[in-house]
Protein chains: 2
Amino acid sequence: MGTEERKAREKERRRKQIIDAAEKIIFSKGLEQSTMDGIAEEAELSKGTLYLYFKNKTELYLAITERGSSMLNARFSKVFTSAHDHTGIELIRLIGETYLTFVRENPNYFKAFMYYESLSDVKELEKSEFAQSCEENRREALNFIIRALQIGMQDGTVDDSYDPKELAVVIWSSTRGITTVSHMKGVGHHFEVLDDMEIPVDALFENFLKLVGTGIATEEARKSR
Amino acid sequence: MGTEERKAREKERRRKQIIDAAEKIIFSKGLEQSTMDGIAEEAELSKGTLYLYFKNKTELYLAITERGSSMLNARFSKVFTSAHDHTGIELIRLIGETYLTFVRENPNYFKAFMYYESLSDVKELEKSEFAQSCEENRREALNFIIRALQIGMQDGTVDDSYDPKELAVVIWSSTRGITTVSHMKGVGHHFEVLDDMEIPVDALFENFLKLVGTGIATEEARKSR
DNA sequence: CAAACAAATGACTGATAGTCAGAAAGTGAC
DNA sequence: GTCACTTTCTGACTATCAGTCATTTGTTTG
């Protein structure tokens, strides 16, 4: 009998329903301004039920974060599956573009990422399945970059004097910095400097790609531009 | 009569006294776990008094953030005043090192920076003198980088095909990414990947510098390494 | 010294995260 | 169909804490 299965499925559906409601509320008002009562109402459930599915408010927000991070990874994955004839350095560029596009299209998920990274109650996080999954996604994302770099070192478009793992982390981190800034610019007040200087996000990203591109290119690749 | 002056001075002292207490409490327990009552007790004042000096809890934390950002800028400033015989690219390296060292020595201030950047209630921030000052500091920090780049373009250590302003923002942002990651590694749970891969923060930073160094170097500078 | 002003207090209020005893719904055996 | 049992859900309740404000305490000045 598939009762067990069905139960599990229904539990999943409830979970999704709650996350959906939470997203709707939190994405529109921000985490602080959102109440569990409000989310419960949106989900057409009582507050108590929310706590049957999520340990607390943070955990619920982490579920949203996890959803975002999985969406992002799915896009990274697509870069590899849908584009076979690219050089390593092109793949790196594509990954960067994918990231930036994601942040532009989903500023709220990125905000969730930022919140997640600002948490530091280690014990809380260690226990959370969602946080675990976020870490797993991060690991996977890094592997995409490592793969791209290795491809580049094979096809001669990436300087192989770097350790691919170390370089991957560097690229990942610095890209994260760029996306953070471009996110903040969208969100207002922050980084008025960019407006003062009249620097559009695109120019920022292009310069970053030029910098990274030049920085990791092989001698030959640099010359042939 | 210097009564007015003395009053102003005393007001400043109270302010400082409150920020000191807030720092002590918040740095030890984290923002969420800290209460205004607790801070008031530490400051040997009543809660009401806190609100005479700071509009709300966030504003008080912003004051701490501002303090941190000023400390950081003071260090940047020192790079320029205490080291005259450096090339542009060396200055860039020194600024990066200064930043990273600051984050290592003051993870709590950096955490405050991260919190600040996660805020997005624009109206709140626009009104805050502390947020304004943080933005001013950011502007100043960027100017240090721009100056270093211009020096480098003059002395031939930095590729002058970049726009110095744009490049400065790129360097600032990506460095921010690196420091964020190195901060997170210190704080635990986050970025276990780094441990798995056995990548120390120093290696990360060295690679980043190599990347940026190569990326912005002039043809000649690259050859002469 | 007393009136006027300024600074500080802490009891109070409102909001809300999180709990829990009990209601409602579902399940399955007879 | 109904009864005993399990699972899911509910919403009133509690504890906590940010922020307020009427009152008190301290200071200045004519």
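In what follows, chains carry the letters A, B, and so on, assigned in the order in which the sequence lines appear, proteins first and then strands, with residues in each chain numbered from 1.
Side-chain proximity of B:Thr35 to D:dA18, C:dG18, C:dA8: nearest is D:dA18. Relative to the side chain of A:Leu52, the nucleotides D:dT10, C:dT9, C:dT16 differ in distance, and D:dT10 lies closest.
Atom-to-atom, NZ of A:Lys11 to P of C:dG26 comes out at 17 Å; the value is rounded to the nearest Å. Rounding to whole angstrom units, CE of residue B:Met36 and P of D:dT16 are separated by 19 Å. Distance NZ (A:Lys7) to C1' (D:dT8): 9 Å, rounded to an integer number of Å. Computed from coordinates, the A:Leu45 CG to C:dA23 P distance equals 20 Å when rounded to whole Å. Rounded to an integer number of Å, the gap from CD of A:Glu44 to P of D:dC9 is 13 Å. Atom CD of B:Gln33 and atom P of C:dA17 are 15 Å apart (whole Å). We find that CZ of A:Arg14 is positioned 13 Å from C1' of C:dG26, with the value rounded to whole Å. The interatomic distance linking B:Asp37 (CG) with D:dA15 (P) rounds to 17 Å, in whole Å.
Positionally, the nearest nucleotide of DNA chain C for B:Ser46 lies more toward the 5' end than for the other of B:Ser46 and A:Leu31. Residue order along DNA chain C, read from the 5' end via each residue's closest nucleotide, puts B:Leu50 first among A:Gly48 and B:Leu50.
The phosphate of D:dT8 (OP1 or OP2) has no side-chain N or O of A:Tyr53 nearer than 4.0 angstrom. Between B:Tyr51 and C:dT9 there is no side-chain polar atom (N or O) within less than 4.0 angstrom of OP1 or OP2.
For D:dG19, its base never sits under 3.5 Å from the side chain of B:Lys57 at any donor and acceptor pair.
Ring planes of B:Tyr109 and B:Phe102: parallel class, angle under 30° (limits at 30 and 60°). By the 30° and 60° cut-offs, the orientation of the rings of A:Phe205 relative to A:Phe208 is tilted.
Side chains of A:Glu66 and A:Ser70: a donor-acceptor N/O pair is present below 3.5 angstrom, by distance only. A donor and an acceptor atom, one from each side chain of B:Ser46 and B:Thr49, are located under 3.5 Å apart. Side-chain atoms of B:Tyr116 and B:Glu135 form a donor-acceptor pair, as typed in the model, at a separation below 3.5 Å.
As judged by a 4.0 angstrom heavy-atom cut-off over every strand, A:Thr49 is placed among the base-contacting residues. At the heavy-atom level, B:Ser34 lies under 4.0 Å from the strands shown only through sugar-phosphate atoms.
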